[in-house]
Amino acid sequence: MRSARDAELMEARLIAVADAGIDIRHKLFERFFAAYPERRASFISVDAASRRMTDETLQMMFGLAKGEDWVWPLVAELVFTHRSYGALPIAEYDAFIDMTVEELGRAAGAVWSDETAAAWQRHAEALKAMIRKARAEWASAMPAGAPQVA
């Protein structure tokens with residue numbers, strides 16, 4: 001779902017937040033753990049995981065806006081490797097993606113517009129759809145009796 005205008009808007013807000021020195025991962029993970037407190041135990045190092053998960057989520061949405069080919073293989077790999085944490089509900093994936101966009105918007109402040117929010121949300125929805133597709137494809141590819149893909 002390539003969109004040059006969306007990519008332009010998204011990049012400008014990422015730069016604005018970075019230039020302001022705001023790291024959204026702290027508030028993002030506070031919110032995520034407040035919503036899913038049982039998930040905290042899944043993290044060996046919240047600091048390391050929060051950096052990677054936040055960066056990858058933002059990069060995947062931005063990559064979708066730019067029409068980057070690397071996004072699908074990364075999503076498919078992440079969905080497959082996340083199975084080691086058990087059957088993660090799709091609602092957790094959705095919530096994390098939505099919370100990421102919301103926290104980015106809060107951090108961007110006055111430079112966040114309805115147009116910017118819509119651009120991020122379009123690619124958030126595309127990422128959620130891609131996660132669902134990856135889950136379905138892995139589930140159909142796994143041999144009978146194998147652990148299910150999260």
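- Salt bridge absent: Lys66 and Asp6 never bring a charged side-chain N and a carboxylate O closer than 4.0 Å.
- In the hydrophobic clustering of this structure, Val111 does not group with Met10; members are Ile, Leu, Val, Met, Phe, Trp, Tyr whose side-chain heavy atoms approach within less than 4.5 Å, directly or through other members.
- Here the shortest heavy-atom pairing between Ala117 and Trp112 reads CB-NE1, 3.4 Å.
- Taking all atoms of both residues into account, the shortest heavy-atom contact from Phe43 to Ala49 is CD2-CB, 3.3 Å.
- In the hydrophobic clustering of this structure, Leu9 does not group with Met60; members are Ile, Leu, Val, Met, Phe, Trp, Tyr whose side-chain heavy atoms approach within less than 4.5 Å, directly or through other members.
- In this structure, CD on Glu125 lies 9.5 Å from CG on Leu127, to the nearest 0.5 angstrom.
- In terms of heavy atoms, Met61 sits closest to Ile97 at SD-CG2, 4.1 Å.
- Considering only heavy atoms from C-beta on, Leu104 stays 4.5 Å or farther from Thr100 through its side chain.
- Sorted by first and then second residue, the pairs that involve residues 9-20 and meet side-chain hydrogen bond (donor to acceptor under 3.5 Å, both in side chains), not counting sequence neighbours, are Arg13-Thr116.
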Subject >> Verdict with supporting geometry, Asp94 and Ile90, side-chain contact (heavy atoms from CB on, under 4.5 Å) >> reply: CA-CA 6 Å; Asp94 289 352; Ile90 196 71; 4.2 Å; yes
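- Distance check, rounded to the nearest 0.5 Å: CG of Leu74 to CD of Gln59 gives 8.5 Å.
- If you chain together hydrophobic residues whose side chains sit under 4.5 Å apart, Ile15 and Trp120 never meet in one group.
- Residues His123 and Ser3 share a closest heavy-atom pair of NE2-CB, 4.3 Å.
- Distance CD1/Ile131 to NZ/Lys133: 13.0 Å, rounded to 0.5 Å.
- The environment of Lys128 atom NZ is dense: over 12 non-hydrogen atoms of other residues, nucleotides or ligands sit within 6.0 angstrom.
- Partners of Asp47 under the side-chain hydrogen bond (donor to acceptor under 3.5 Å, both in side chains) rule, at least two apart in sequence or in another chain, are Arg25, Arg51.
- Smallest separation of non-hydrogen atoms from Arg39 and Phe33: C-CE2, 4.1 Å.
- In this view, Phe96 and Phe29, Phe32 satisfy the ring-ring contact (aromatic ring centres under 6.0 Å, His included) rule, not counting sequence neighbours.
- Between Ile24 and Glu103, the shortest heavy-atom distance links the atoms CG2-O, 3.8 Å.
- Follow the hydrophobic side-chain contacts under 4.5 Å out from Trp70 and you reach Phe80 in the same cluster.
- The local environment of CZ in Arg52 is sparse, with at most 12 non-hydrogen atoms from other residues, nucleotides or ligands closer than 6.0 Å.
- To the nearest 0.5 Å, atoms CE (Met99) and CD (Glu92) are separated by 9.5 Å.
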**OP:** Using the side-chain contact (heavy atoms from CB on, under 4.5 Å) rule, take Leu64 and Met130 through it: C-alpha gap first, then chi angles, then the decisive distance, then the call.
**Re:** CA-CA 10 Å; Leu64 286 168; Met130 201 172 268; 3.5 Å; yes
